[in-house]
**Student:** 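Please find one structure pasted underneath; my questions will follow.
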Amino acid sequence: MLERLSIDDRVVVITGGGTGLGLEMVRHLARAGANLVIAGRRSGPIEDAAAEVRALGPQSIAVPTDVSDSSQADALVEAAVRNFGRIDVLINNAALVSDSVPTPIWDISDSDWQAALDVNLSGSFYCARAASRPMADQGAGKIINVASGFGMRGGRDIYMYCCTKGAIIQLTRVLSFSLARYGVTANSIVPGFIPTAGTDTEMRESLPRSGAYLPTGKLGEPQDIGPVAVFLASPASDYMTGEIFTLDGGGLAGGLAPTGYAPQIPLEA
Amino acid sequence: MPLLSQYDLSGKTAILSSTGGDESPLLASVLAEAGATVFAVTRRQEQLDAILSALEGNGSSGGKHGGVAVPLVSDDAVSRAMAEFDRLDRPVDILVNDNRSLLAKPTGEITLSEWDELQSRNVRTAFLLSQAVGLRMIERESGRIVNLISGLAERGMMGGSAFSVSQAGLLALTRSLAVEWGRHNIRVNAIGVGWSISEDVPLEIQREEQLVRYTPLRRKGHPRDIGPLLVYLCSDACDYTTGQPIYIDGGLNAHP
């Protein structure tokens, strides 16, 4: 049964694949055998990531892409199909993370709001739209959307990130229900607090400095996401769709109650 | 075929508790395939025999498997089961609770003894065993617990009140233990399943059923659909996911 966790020779397109959690997913997917089409706004990090994949054995190309431009999203999927003949998996991971500094609502400009929607939500939609046609034609495909714990709960002064990540979870559900008949599944990964270079900005101020308030007692590490991404990209998840795979140290299960809060109340007679 | 080393359970020992679902033997097999030694606890002897014969049959790489048939309805019964487990002379790394005894009938016709028996099989068993095993895991500062639950943990179904309550109880137990034992490096998650069968039935026959046509992926689930996820959730690599239900149900849970 475990052979279903192999993604040998599958073609995976990942956005935001040059840094942070994206790069960590790239590394694990390559170790599990996948060929990777790596997209990102800057060519340096994605070229390095593609070289790392090729050093591990699979094939890989880097395609500089701004996913907020739908023609570039289309071109990304075309590049995958042209180079590899098909697209098995799309991972929508690109997001404006470092720009998501907590800001009071009255200080958010129209262009701040729109820029986040363009990349985080429209970018995921454009890439899903571009990939869904070849996937439907193949009769198989997997769309994986990277959302966030902030898509499930509110964050103080974190408007755009919370709203777009919540919308991505809904996008996942609609895609799953709509594309099931074509053999295409869609699932979300919901990471909790996992520090990366991208969150090491002013956004850091809004994130916990340690895991003291999480049930696991520690923050996540970028490599935690690897085996989850491989599972969702592999035949092992073929019967899963519209669902959420959460990695958050138990934060959502416990809610915001301080982890150390452990009252003892005897059963009334 | 390249597989991530993170999915390996070599050297681990798993206790699999089953109320007798026919998926349990296949779940035992996949744990063994990943390298774990499996000790099964079942209500009845024939259920245990089915699991042990599946473990023998698959050329598993785990150690010497074992098991005991004892209904886990009391502290004494759990002590007996754990005493039998201790004959393996191994620590327990993994606990899988597969407690999904079914009952569907109009709520007005459910007898108190049926209600109590169902809650006992599905929830009390999981509580008692999690308590006994959890204390050992806390001592070793390491453990993985996976509860198999039905999607009816989150939804209602006509005639399903007693069963839904038992599954929601297991989901609440999952979240509670994850929060309470997280600091001890114990991770507690659930796999949510939809309508499933353990035989291979051709799709065109399956699709004669309205329920299958209602399922977005238009087939019933099979234990092989959840086996690899079970292995991952039992692995050390599953370190940051806890207190979560992961539904592999053909899209039912996201369905309107």
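In what follows, chains carry the letters A, B, and so on, assigned in the order in which the sequence lines appear, proteins first and then strands, with residues in each chain numbered from 1. Atoms considered below: every heavy atom in the structure, side chains included; atoms not considered: hydrogens, waters and symmetry mates.
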**Student:** Do you know which of B:S176, B:G221, B:A178 has the most heavy-atom pairs under 4.5 Å to chain A?
**Tutor:** B:G221
**Student:** Which bit of B:L230 comes within less than 4.5 Å of chain A, counting heavy atoms only: side chain, backbone, both or neither?
**Tutor:** neither
**Student:** In terms of heavy-atom proximity below 4.5 Å to chain A, should B:R187 be classed as side chain, backbone, both, or neither?
**Tutor:** side chain
**Student:** With a 4.5 angstrom heavy-atom cut-off, is it the side chain or the backbone of B:T215 that approaches chain A, or both, or neither?
**Tutor:** side chain
**Student:** Count the heavy atoms of every other residue, nucleotide or ligand shown that sit under 6.0 Å from OH of A:Y182, and state whether that count exceeds 12.
**Tutor:** no
**Student:** Which residue out of A:P227, A:P235, A:G242 racks up the most heavy-atom pairs below 4.5 Å with chain B?
**Tutor:** A:P227
**Student:** Thinking salt bridges, do A:D137 and A:R86 make one under a 4.0 Å N-O criterion?
**Tutor:** no
**Student:** Name the member of A:G249, A:G57, A:G250 that forms the most heavy-atom pairs with chain B at distances under 4.5 Å.
**Tutor:** A:G249
**Student:** Tell me whether B:H255 contacts the main-chain N or O of B:Y214 through its side chain, where contact means a donor paired with an acceptor under 3.5 Å.
**Tutor:** yes
**Student:** Please flag which part of A:L179 lies under 4.5 Å from any non-hydrogen atom of chain B: side chain, backbone, both or neither.
**Tutor:** neither
**Student:** Counting heavy-atom pairs under 4.5 Å with chain A, which one of B:R224, B:Q6, B:R175 comes out on top?
**Tutor:** B:R224
**Student:** Need one label for A:R4: side chain, backbone, both or neither, based on atoms under 4.5 Å from any heavy atom in chain B.
**Tutor:** side chain
**Student:** Does any non-hydrogen side-chain atom of A:V146 lie less than 4.5 Å from one of A:I91?
**Tutor:** yes
**Student:** A:D248 vs A:R153, test: salt bridge (charged side-chain N to carboxylate O under 4.0 Å, His left out). Steps then yes/no.
**Tutor:** CA-CA 12 Å; A:D248 72 340; A:R153 301 272 165 88; over 6 Å; no
**Student:** Is atom CZ of A:R133 surrounded by more than 12 heavy atoms (other residues, nucleotides or ligands) closer than 6.0 Å?
**Tutor:** no
**Student:** What residue, out of B:Y7, B:Y247, B:W181, has the most heavy-atom pairs lying under 4.5 Å from chain A?
**Tutor:** B:Y7
**Student:** With chain B, which of A:Q223, A:E3, A:R173, A:K218 has the greatest number of heavy-atom pairs at distances under 4.5 Å?
**Tutor:** A:K218
**Student:** Is A:T185 in contact with chain B via its backbone, its side chain, both, or neither, using a 4.5 Å heavy-atom distance?
**Tutor:** side chain
**Student:** Enter the distance from A:I225:CD1 to A:N93:CG here, rounded to the nearest 0.5 Å.
**Tutor:** 7.0 Å
**Student:** For the pair B:E204 and B:R207, find out whether any cationic side-chain nitrogen is under 4.0 Å from an anionic carboxylate oxygen.
**Tutor:** no
**Student:** Less than 4.5 Å apart, any side-chain heavy atom of A:V228 and any of A:H28?
**Tutor:** no
**Student:** Look at A:L5, A:D224, A:D8, A:T241 and state which one has the largest set of heavy-atom pairs under 4.5 Å with chain B.
**Tutor:** A:L5
